[in-house]
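The structure appears right after this line, and notes come after that.
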Amino acid sequence: MKKKGIIKLLVVFGVCSCIKTDDYKNDRNCLSHNTIMANTTFANVKSMYNGTLMQIHDDLIIEGYVNSSDEGGNIYGSLYIQESVKGPTEGFEVNIDLQECYLFYPLGQKVAIQLKNLYLDKVHGVFKLGGIYKSPYGTVSVGRLPRAMIVTHIFNYCDDVSGIEPVKTTIPDIDESMLSTLIVLDSIQVADESQGLPYAEEKETTERILMDCDGNTITMRNSGYANFQPEYLPEGGGSVTAVLSKYRDEYQLYIRDLYDVDFKGDYLDCGYVNESDQIIISEIADPENNSSDMNGRFIELSNIGDENVNLEGWELRRYTNSNSDYSSVIDLSGIIIESQSSIVIAADEVDFESVYGFLADMEGGSGSAAGSNGDDNMVLVDLAGTKVDVFGIPGEDGSDTSHDFENGKAFRRLSVRKGNSVYDPAEWIITTPQTAPFDFNPGSRD
């Protein structure tokens with residue numbers, strides 16, 4: 001009898017705790033810790049998970065703190081809670097069918113969740129609690145807990161609403177223990193491919209990319225129905241506070257509103273720029289004496305500007321013969337070209353060293369832009385996929401054209417001061433025949 005009495009009390013207070021009043025903050029009903037208290041932990045509940053959707057049948061109660069808000073319209077149908085206001089290592093996404101959830105469960109609110117009869121699943125690494133959803137195709141998953149059931153499962157404590165302290169981290173240090181918790185990333189900016197765009201396309205869930213100084217990226221997932229949907233992504237760099245989630249194998253950030261994005265207007269001082277036409281293709285070699293036992297082919301990239309340039313996400317593409325689609329790609333991630341210097345990409349690094357007497361900066365492979373036989377076309381693209389520089393005309397066989405360097409070399413004139421997305425023969429000196437190593441000077445613009 002005593003147990004039943006407690007259950008009735010919880011239901012009564014639960015309904016009251018979700019009454020929307022004119023002055024919610026000053027007139028909210030809540031429960032004391034003597035009325036309901038946790039009897040298990042987030043970690044223990046997660047340890048019960050058997051690898052598939054399951055219903056919880058035990059009288060279990062957890063308590064935690066709300067770190068999300070749907071006031072900005074970006075987070076909808078979910079309540080994110082974490083185990084503590086500071087330094088959490090566990091969190092849950094609770095799916096609920098409740099609009100203006102922030103009025104009932106404000107940021108920092110301490111809540112108790114009665115787990116009995118709720119469903120538990122792990123989706124893309126994220127632990128979810130809620131009701132049951134049955135699709136027209138017969139599949140079942142965690143769904144939004146109906147409004148009538150919310151008040152019998154989620155209860156506010158009478159504690160003062162707390163300030164959630166986000167966990168400071170970096171993109172490489174993010175791990176699954178942070179899922180459904182509030183994190184903050186410092187020293188990041190909008191990646192080139194997302195700059196100048198709105199937060200989201202109208203009525204469409206939209207992914208925008210953020211990056212740090214080392215070229216690490218993370219997705220910010222924004223709703224096309226958010227209040228800030230039409231606002232343009234900010235310029236400069238700074239910090240982003242967000243609830244961490246995951247979609248498929250990719251970590252994603254959910255900001256609650258624009259107050260979570262604190263950019264100062266100045267771009268990060270990373271010691272290099274992220275996108276620049278100061279990187280050019282400066283030399284391509286196909287020595288006349290190249291043979292099966294001597295591969296002296298290479299391609300050289302030069303930084304003719306005054307800033308170091310990070311090539312994270314850049315690619316060097318080769319278009320063979322008359323093909324309009326590229327046949328091979330050299331991923332340039334991890335390469336930083338210092339100002340007024342060059343890097344050499346060898347077709348075969350062992351052969352290159354034996355021919356020229358020093359190590360190349362990287363190996364591209366015989367089928368890459370570094371291994372061209374003189375009639376191919378090359379395109380250098382940046383992180384956003386923008387053409388930075390071009391040699392030749394993709395779709396045109398280079399044989400007997402202004403970009404045919406078979407048995408010789410194509411050398412960029414020293415007067416060229418920026419990359420060109422359209423091939424201009426006047427920018428190049430084509431010389432044939434040429435013999436390695438004497439007629440080549442890889443790694444130097446002299």
Side-chain angles (χ1 to χ4, degrees), residues 9-33 35-38 42 45 60-86 88 90-120 126-131 142-166 179-183 223 226-227 241-245 254-257 259-260:
L9 180 64
L10 293 180
V11 171
V12 171
F13 274 99
V15 173
C16 292
S17 70
C18 288
I19 294 175
K20 182 178 177 182
T21 67
D22 293 333
D23 190 359
Y24 171 75
K25 290 184 178 179
N26 297 321
D27 183 26
R28 62 190 176 94
N29 295 284
C30 54
L31 296 175
S32 71
H33 287 269
T35 307
I36 183 172
M37 62 182 64
F42 284 40
V45 174
L60 299 177
I61 299 171
I62 58 173
E63 59 184 38
Y65 296 83
V66 176
N67 61 35
S68 60
S69 172
D70 61 354
E71 185 173 7
N74 196 44
I75 296 175
Y76 177 79
S78 292
L79 186 70
Y80 289 89
I81 61 170
Q82 59 187 56
E83 63 179 348
S84 59
V85 295
K86 183 178 180 180
E90 303 285 352
F92 274 111
E93 177 184 339
V94 185
N95 295 154
I96 57 176
D97 188 13
L98 181 64
Q99 295 182 1
E100 295 185 313
C101 179
Y102 72 96
L103 293 174
F104 309 110
Y105 306 106
L107 280 170
Q109 175 67 58
K110 187 174 184 180
V111 297
I113 301 182
Q114 169 65 260
L115 298 179
K116 187 174 182 179
N117 295 326
L118 295 186
Y119 287 84
L120 171 69
V126 178
F127 278 96
K128 296 188 176 187
L129 292 166
V142 172
R144 294 174 186 163
L145 192 65
R147 184 186 180 100
M149 295 181 65
I150 295 172
V151 298
T152 64
H153 284 278
I154 307 176
F155 311 97
N156 288 344
Y157 283 125
C158 293
D159 306 53
D160 290 335
V161 172
S162 304
I164 299 290
E165 184 176 326
L179 287 170
S180 299
T181 71
L182 195 66
I183 67 169
S223 169
N227 298 343
T241 302
V243 177
L244 181 68
S245 191
Y254 290 95
I255 61 172
R256 298 160 300 179
D257 213 325
Y259 56 72
D260 278 335

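We use all heavy atoms of the structure for the numbers below, so side chains are in, but hydrogens, waters and symmetry mates are not.
Counting heavy atoms from C-beta outward, Y105 and I81 have side chains that stay 4.5 Å or more apart. Put simply, the side chain of V66 does not reach to within 4.5 Å of the side chain of P106, judged on heavy atoms. For the pair R144/I96, no side-chain contact is recorded, criterion being any heavy-atom separation below 4.5 Å from C-beta on. Side chains of N74 and S223 form a contact here, defined as non-hydrogen atoms less than 4.5 Å apart. Side-chain contact between I62 and F92 is present, with at least one heavy-atom pair separated by less than 4.5 Å. You'll find the side chain of L79 stays beyond 4.5 Å of the side chain of V111, heavy atoms only. Between V94 and L145 the shortest side-chain heavy-atom distance does not fall below 4.5 Å. Here the side chains of T241 and Y259 are not in contact, with every heavy-atom distance at 4.5 Å or above.
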>> Quick one, Y102 with D257, criterion side-chain contact (heavy atoms from CB on, under 4.5 Å). Give me CA distance, side-chain angles, the key distance, then yes/no.
In response: CA-CA 12 Å; Y102 72 96; D257 213 325; over 6 Å; no

> Yes or no on side-chain contact (heavy atoms from CB on, under 4.5 Å) for I75 and R256, after CA distance, side-chain angles and deciding distance?
Replying inline: CA-CA 7 Å; I75 296 175; R256 298 160 300 179; 4.0 Å; yes

> Would S245 and Y80 satisfy side-chain contact (heavy atoms from CB on, under 4.5 Å), going step by step from the backbone distance to the final call?
Replying inline: CA-CA 10 Å; S245 191; Y80 289 89; 4.3 Å; yes

>> With side-chain contact (heavy atoms from CB on, under 4.5 Å) as the criterion, how do L120 and F127 come out once you've worked through the C-alpha distance, each side chain's angles and the decisive distance to 0.1 Å?
In response: CA-CA 7 Å; L120 171 69; F127 278 96; 4.0 Å; yes

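Partners of E83 by side-chain hydrogen bond (donor to acceptor under 3.5 Å, both in side chains), not counting sequence neighbours, listed by chain and number: T89. For the side-chain contact (heavy atoms from CB on, under 4.5 Å) test, residues two or more places apart in sequence or in another chain that qualify with S84 are P88.
Here I61 contributes atom CD1 and I36 contributes atom CD1; the two are 4.0 Å apart, rounded to the nearest 0.5 Å. In this structure, CG on L244 lies 11.0 Å from CD on Q82, to the nearest 0.5 angstrom. Note that CG of L182 and CG of D260 are 7.0 Å apart. Values are rounded to the nearest 0.5 Å. Rounding to the nearest 0.5 Å places CG of D97 at 8.5 Å from CZ of R147.
Q99 places no side-chain N or O within donor-acceptor distance of the main-chain N or O of Y76, the cut-off being under 3.5 Å. With hydrogens and angles ignored, the 3.5 Å screen pairs a side-chain donor or acceptor of N227 with a backbone N or O of E71.
Taking every heavy atom of both residues into account, Y65 and I164 meet most closely at CB-CD1, 3.7 Å. Residues S68 and L107 come closest through the heavy atom pair O-CD2, 3.3 Å. Listed here is the closest heavy atom pair of C158 and S32: SG-N, 4.3 Å. The two residues Q114 and L60 come nearest to each other via the heavy atoms OE1-O, 3.2 Å. Nearest heavy-atom pair across N95 and S78 is ND2-OG, 3.1 Å. Closest heavy-atom contact between N156 and F104: ND2-O, 2.9 Å.
Defined by atom type and a distance below 3.5 Å, a donor-acceptor pair is missing between the side-chain atoms of H153 and N117.
Legend: salt bridge (charged side-chain N to carboxylate O under 4.0 Å, His left out) pairs involving residues 104-115, not counting sequence neighbours, sorted by first then second residue: E63-K110.
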